[in-house]
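Just so you know, ligand 1 is whichever comes first in the structure, and atom 1 is the first atom listed for that ligand.
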Amino acid sequence: MAGRLAVIGAGLMGSGIAQVAAQAGWTVTLRDLEQQTVDRGIRGIRTSLDRFVRKEKISEEDAAAAVARITGTTELDAAADADLVVEAVFERLDAKQDVFRALDRICGPDAVLATNTSAIPVTQIAAATGRPESVVGTHFFSPVPMMALCELVRGFKTSDATLATARAFAEGIGKTCIVVNRDIAGFVTTRLISALVVEAVRLVESGVVTPEDLDTACKLGFGHAMGPLATTDLTGVDVLLHATRNIYTDTADAKFFPPELLQRMAAAGDLGRKSGQGFYSY
Ligand SMILES: NC(=O)c1ccc[n+]([C@@H]2O[C@H](COP(=O)([O-])OP(=O)(O)OC[C@H]3O[C@@H](n4cnc5c(N)ncnc54)[C@H](O)[C@@H]3O)[C@@H](O)[C@H]2O)c1
């Protein structure tokens, strides 16, 4: 299965999804708000593909063919003929609802509309459209070209056919899917990582343990490939804060209340790797 894919948002996740889909033969339209952001996304894709070529994982021809299948744009209307749209804009309900409201107007009646949200209930995003049965969560992981998991999320009204299309897409681009049957905030994976990160940050901010030792405990004690604080730096302190806030808003469960340190870091611009400073310096 390969067809026409539109990816909305050319940031870390959107460009990664565009890349793996193009490698699997999809014709991809990659949309962001500013041309320079689109260009940066496509540059990132080239850099990633070059790395795979250097490691002899793919040929130069295949890399060039994948880039040639991607068209960058600032026009949302370019999504009009897509079979599948994957939204990967900021993790804010209002931003995502705006995009889905517009997609509902623009896209053909058979298009499947997917969101890469990490924590916002798909049902709330789908409610911005007149076709909630066609809306589904496809939660990919960062970096998309390396991470094998896709968490498929059923919204309250997602149809079986929509879920099947999303599964065929994700498996077709090389991912293994798990299905989240009930549309809870944070789904399965973000619930788990948020609970771990919140507790990790509380332990660090109360002086119980250093970030280095906490991450070492998770790596050597639990066999995690990466500690939760290094993971937060990679994902983005702001992204984790938003995700945790959304889960807390939905559940009113105090264990998800964002710790003060996480809030202050985000306010100060210590966002992790992307800003050069998070729990670690880069
Ligand atoms: N970063 C991660 O590790 C990760 C993992 C899984 C899921 N997610 C989710 O994926 C989504 C995107 O995350 P990201 O890390 O790629 O964020 P990012 O900040 O790197 O990229 C978001 C992009 O969306 C663009 N954007 C905003 N509004 C737009 C619109 N209306 N149309 C087109 N583009 C628009 C922004 O300009 C930006 O380039 C979020 O929902 C996030 O929660 C992130």
Side-chain angles (χ1 to χ4, degrees), residues 6-20 28-45 48 72-79 82 85-107 113-122 124-125 128 135 137-153 170 175 178 180 185-194 197 226 228 230-247 266 269 271-275 278:
V7 179
I8 313 302
L12 182 69
M13 296 305 290
S15 55
I17 295 162
Q19 177 185 328
V20 288
V28 181
T29 300
L30 180 59
R31 192 255 175 166
D32 209 296
L33 299 172
E34 308 282 342
Q35 190 58 46
Q36 63 190 40
T37 317
V38 175
D39 294 343
R40 192 181 59 204
I42 292 180
R43 268 201 311 277
I45 292 171
S48 169
T73 182
T74 56
E75 300 296 326
L76 193 61
D77 283 354
V85 183
V86 178
E87 166 276 315
V89 308
F90 301 131
E91 185 73 349
R92 282 205 330 259
L93 178 62
D94 59 340
K96 291 188 185 290
Q97 284 188 326
D98 283 351
V99 169
F100 276 77
R101 213 170 279 121
L103 290 173
D104 191 25
R105 257 197 334 269
I106 292 164
C107 295
L113 309 180
T115 173
N116 191 54
T117 178
S118 332
I120 301 173
V122 173
Q124 289 183 24
I125 297 170
V135 179
T138 50
H139 181 204
F140 292 94
F141 290 76
S142 175
V144 182
M146 307 298 295
M147 298 291 280
L149 182 64
C150 179
E151 191 176 29
L152 295 175
V153 185
K175 305 304 174 195
I178 67 158
V180 180
F187 319 133
V188 170
T189 54
T190 305
R191 281 262 178 151
L192 290 173
I193 190 68
S194 293
V197 167
M226 226 179 172
T231 303
T232 302
D233 276 359
L234 182 64
T235 303
V237 169
D238 52 337
V239 174
L240 237 308
L241 176 63
H242 278 304
T244 305
R245 252 192 204 135
N246 284 330
I247 298 173
L271 305 181
R273 286 190 189 217
K274 63 186 168 190
S275 74

Using modelled atom types only, decide if a donor and an acceptor are shared between the side chain of [X] and the backbone of [Y] within a distance under 3.5 Å.
{"X": "Gln19", "Y": "Ser48", "value": "no"}
{"X": "Thr117", "Y": "Ala119", "value": "yes"}
{"X": "Glu91", "Y": "Ala243", "value": "no"}
{"X": "Lys175", "Y": "Glu151", "value": "no"}
{"X": "Asn116", "Y": "Phe140", "value": "yes"}

Taking C-beta and beyond as the side chain, do [X] and [Y] meet within less than 4.5 Å on heavy atoms?
{"X": "Val122", "Y": "Val135", "answer": "yes"}
{"X": "Ile45", "Y": "Leu30", "answer": "yes"}
{"X": "Thr189", "Y": "Ile193", "answer": "no"}
{"X": "Leu152", "Y": "Ile178", "answer": "no"}

For [atom], what is the closest protein heavy atom, and at what distance to 0.1 Å?
{"atom": "atom 19 (O) of ligand 1", "answer": "Phe90 CE2, 3.6 Å"}
{"atom": "atom 24 (O) of ligand 1", "answer": "Val89 CA, 3.5 Å"}
{"atom": "atom 3 (O) of ligand 1", "answer": "Ser142 CB, 3.2 Å"}
{"atom": "atom 30 (C) of ligand 1", "answer": "Leu33 CD2, 3.5 Å"}
{"atom": "atom 43 (O) of ligand 1", "answer": "Ser118 OG, 2.5 Å"}
{"atom": "atom 44 (C) of ligand 1", "answer": "Met13 CG, 3.3 Å"}
{"atom": "atom 22 (C) of ligand 1", "answer": "Ala88 O, 3.7 Å"}
{"atom": "atom 20 (O) of ligand 1", "answer": "Leu12 N, 3.0 Å"}

List every atom of ligand 1 that sits less than 4.0 Å from any heavy atom of [X], numbering the atoms from 1 in the order shown and giving each element.
{"X": "Gly9", "answer": "24 (O), 33 (C), 34 (N)"}
{"X": "Ile8", "answer": "32 (N), 33 (C)"}
{"X": "Thr37", "answer": "39 (O)"}

Which segment of [X] sits under 4.0 Å of ligand 1 when only heavy atoms are counted:
{"X": "Val99", "value": "side chain"}
{"X": "Phe140", "value": "backbone"}
{"X": "His139", "value": "side chain"}

Closer than 4.0 Å and a protein heavy atom, does any atom meet both conditions relative to atom 17 (O) of ligand 1?
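So far as the 4.0 Å threshold goes, atom 17 (O) of ligand 1 is out of reach of every protein heavy atom.
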
May I ask you to decide whether Arg40 forms a salt bridge with Asp32, counting only side-chain N to carboxylate O separations under 4.0 Å?
no

Give a yes or no on whether a salt bridge exists between Asp104 and Arg101, defined as a side-chain N under 4.0 angstrom from a carboxylate O.
no

Identify the residue among Leu271, Thr190, Leu240 that makes a side chain to side chain contact (heavy atoms under 4.5 Å, CB included) with Thr235.
Leu240

Can Thr74 and Gln35 be counted as having a side-chain donor-acceptor contact under 3.5 angstrom?
no

Quick check: [X] and ligand 1, any N/O pair under 3.5 Å apart?
{"X": "Glu91", "result": "yes"}
{"X": "Val239", "result": "no"}
{"X": "Lys96", "result": "yes"}
{"X": "Asn116", "result": "yes"}
{"X": "Thr117", "result": "no"}

Closest to atom 37 (O) of ligand 1 by heavy-atom distance, out of Asp238, Thr232, Asp32, is Asp32

Taking only non-hydrogen atoms of Gly236, do any sit less than 4.0 angstrom from ligand 1?
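Flag not set, Gly236 not near ligand 1.
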
